[in-house]
Engineer: 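One structure is given below, represented as C-alpha cells, and several questions about it will come after.
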Amino acid sequence: MNRVMAQEGAAGIAAAVAESVQYQGRKASRRGSEQRRQDILDAAMRIVVRDGVRGVRHRAVAAEAGVPLSATTYYFKDIDDLLTDTFAQYVERSAAFMGKLWVRNEGLLREMVAYGDGSPQSRSQLADDIARLTADYVLRQLTNRREHLMAEQAFRQEALLNPRLAELVRSHQQILLQGTGQFFQVLGSREPQQDAKVLTAIISRMEYQGLLGGPEPLTGEEMLEILKRYMHLVLASV
C-alpha cells in the first residue's frame, strides 16, 4: 500500500483500500453467474437503505433481486456473508468514487497553494477556498449520494456487533482519513493526520445531521462557517 500511496497520492490511497477488500461468499465462475451475484448484492443494498440491515433476509433479497431463493443461499451460506459482501462492494465502489475525486481536487489544491504568496491575506483566502470546497462536497453527498450515506450509517451501526463489518468500516474510514491527511501534507501541516482526523469527524457529523434532518437542520451557510473557522485555525498554525 505504501508504494501506491507514494506514487499516486490520495488517489493511490483509495486504490489501495479497494485492492484490500476481500469477499466472503462463493465466487462466480461465469459471466452470467457473476451478474446474478451482482444483482443479489445490489438488491441487498437497496433493502439496507430502505429497511435497515435487519431487513436483509435470504427470502427478501431473492424477491428484491428477482432470483430464486436457492440463488442467494448458493452464493452466500448465511446472512453474515451476504451483509459482509454487500458492504465490501460498497467500500470498493466508494474507493473508486473517492479516487476520482482526489485526482480532481488534489491538483486543484496544489494550484491554489502555488498561487498564494504566503502572506496572511493569501493564507486566509486559501482557508476560505478550502472550506468552500469541503462544504460543497458535503452538500453534494447529501444531495446526490444520500442513499449511499444512509447505507453507510446502517453498516456502521451493525459493525458495533459484527467484527467482520467493523474491519470493513475501518477500511472505509481510511479512504477519507488518509486522503484528507495527504491534502494537509500539501498544505504544509505539521500534524497532517491529526488535522485530518478532526476534519473527517466534522464532515461525518455534518453528513449525519444532514441525514437526520429535524426542525433545525444544519444549513449550507452554517456548514461553511464551521469549516472556515477550522481551516483558519489550521492554516494559522502552519
Side-chain angles (χ1 to χ4, degrees), residues 9-11 13-14 17 49 90 94-95 97-157 169-170 172-238:
I13 294 166
V17 170
V49 173
Y90 175 86
S94 292
F97 171 81
M98 290 302 296
K100 293 178 182 178
L101 185 67
W102 290 136
V103 167
R104 184 168 63 249
N105 286 347
E106 190 168 3
L108 177 60
L109 179 62
R110 291 185 184 279
E111 290 178 5
M112 291 162 59
V113 172
Y115 183 76
D117 59 11
S119 66
Q121 293 82 1
S122 175
R123 303 295 286 178
S124 178
Q125 183 62 54
L126 180 60
D128 287 349
D129 290 343
I130 294 173
R132 191 168 289 105
L133 280 175
T134 308
D136 287 345
Y137 163 79
V138 175
L139 289 172
R140 284 197 305 272
Q141 287 284 92
L142 289 168
T143 302
N144 302 330
R145 292 172 57 83
R146 192 175 189 86
E147 289 189 352
H148 293 80
L149 294 181
M150 290 287 290
E152 183 181 324
Q153 292 293 338
F155 280 115
R156 282 185 178 183
Q157 183 66 30
V169 166
R170 286 190 290 270
H172 185 260
Q173 289 173 334
Q174 290 302 308
I175 301 171
L176 185 60
L177 178 61
Q178 298 299 329
T180 305
Q182 189 81 8
F183 270 31
F184 279 114
Q185 285 184 2
V186 173
L187 291 174
S189 167
R190 289 177 291 184
E191 296 289 345
Q193 290 306 312
Q194 295 302 320
D195 289 335
K197 287 178 181 179
V198 176
L199 181 57
T200 54
I202 292 172
I203 291 172
S204 294
R205 179 62 179 172
M206 287 179 172
E207 289 176 342
Y208 181 77
Q209 284 184 280
L211 292 174
L212 194 61
E216 296 182 1
L218 200 61
T219 66
E221 190 60 34
E222 287 172 325
M223 290 183 190
L224 181 58
E225 291 306 312
I226 291 170
L227 291 164
K228 278 184 178 180
R229 175 168 174 74
Y230 177 62
M231 290 311 306
H232 276 268
L233 289 172
V234 170
L235 291 183
S237 67
V238 173

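Starting from 1, each residue takes its place in the sequence as its number.
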Engineer: Can you pull the ring pair (Phe, Tyr, Trp, His ring centres under 6.0 Å) pairs that have at least one residue in residues 123-157, sequence neighbours excluded?
Structural biologist: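 Those involving residues 123-157 are Phe87-Phe155.
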Engineer: For Met150, is the CE atom crowded, meaning more than 12 foreign heavy atoms sit under 6.0 Å from it?
Structural biologist: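 Atom CE in Met150 is not crowded, with 12 or fewer foreign heavy atoms closer than 6.0 Å.
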Engineer: Please list, chain by chain and in numerical order, all residues satisfying side chain to side chain contact (heavy atoms under 4.5 Å, CB included) with Lys197, sequence neighbours excluded.
Structural biologist: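 Applying side chain to side chain contact (heavy atoms under 4.5 Å, CB included) to Lys197 gives Leu177, Gln194.
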Engineer: Tell me, please, which residues at least two apart from Arg170 pass salt bridge (charged side-chain N to carboxylate O under 4.0 Å, His left out).
Structural biologist: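 Testing Arg170 for salt bridge (charged side-chain N to carboxylate O under 4.0 Å, His left out), a comparison that skips the adjacent residues, returns none.
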Engineer: Roughly how far, to the nearest 0.5 Å, is CG of Leu224 from CG of Asp128?
Structural biologist: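 Answer for the CG-CG pair, Asp128 versus Leu224, is 7.5 Å.
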Engineer: Please list, one pair per line, the donor and acceptor atoms closer than 3.5 Å that link side chains of residues 120-127 to other protein atoms, with sequence neighbours excluded.
Structural biologist:
| from | atom 1 | to | atom 2 | distance (Å) |
| --- | --- | --- | --- | --- |
| Ser122 | OG | Asp117 | N | 3.3 |
| Gln125 | NE2 | Asp129 | OD1 | 2.9 |

Engineer: Test your reading of the model: is there a side-chain donor-acceptor pair from Arg146 to the backbone of Gly210, 3.5 Å cut-off?
Structural biologist: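 Side chain of Arg146 to backbone of Gly210, a donor-acceptor pair under 3.5 Å: yes, one is there.
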Engineer: Counting heavy atoms not belonging to Glu225, are there more than 12 under 6.0 Å from its CD?
Structural biologist: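 Enclosed: over 12 neighbouring heavy atoms sit under 6.0 Å from CD of Glu225.
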Engineer: On a heavy-atom basis, which atom in Leu199 and which in Tyr230 lie closest, and how many Å separate them?
Structural biologist: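 Shortest heavy-atom separation between Leu199 and Tyr230 comes out as CB-CE2, 3.8 Å.
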Engineer: Is the number of heavy atoms from other residues, nucleotides or ligands within 6.0 Å of CD (Gln193) greater than 12?
Structural biologist: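 Atom CD in Gln193 is packed in, count exceeds 12.
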Engineer: Could you pull out all residues at least two apart from Arg205 that satisfy side chain to side chain contact (heavy atoms under 4.5 Å, CB included)?
Structural biologist: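 Per chain and number, Arg205 pairs via side chain to side chain contact (heavy atoms under 4.5 Å, CB included) with Tyr208, Gln209.
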Engineer: Taking only distance into account, with no hydrogens and no angle test, what donor-acceptor pairs under 3.5 Å do side-chain atoms of residues 185-192 form with protein atoms, sequence neighbours excluded?
Structural biologist:
| from | atom 1 | to | atom 2 | distance (Å) |
| --- | --- | --- | --- | --- |
| Ser189 | OG | Glu191 | N | 3.1 |
| Ser189 | OG | Glu191 | O | 3.4 |
| Ser189 | OG | Asp195 | OD2 | 2.5 |
| Arg190 | NE | Ser237 | O | 3.2 |
| Arg190 | NH2 | Ser237 | O | 2.7 |

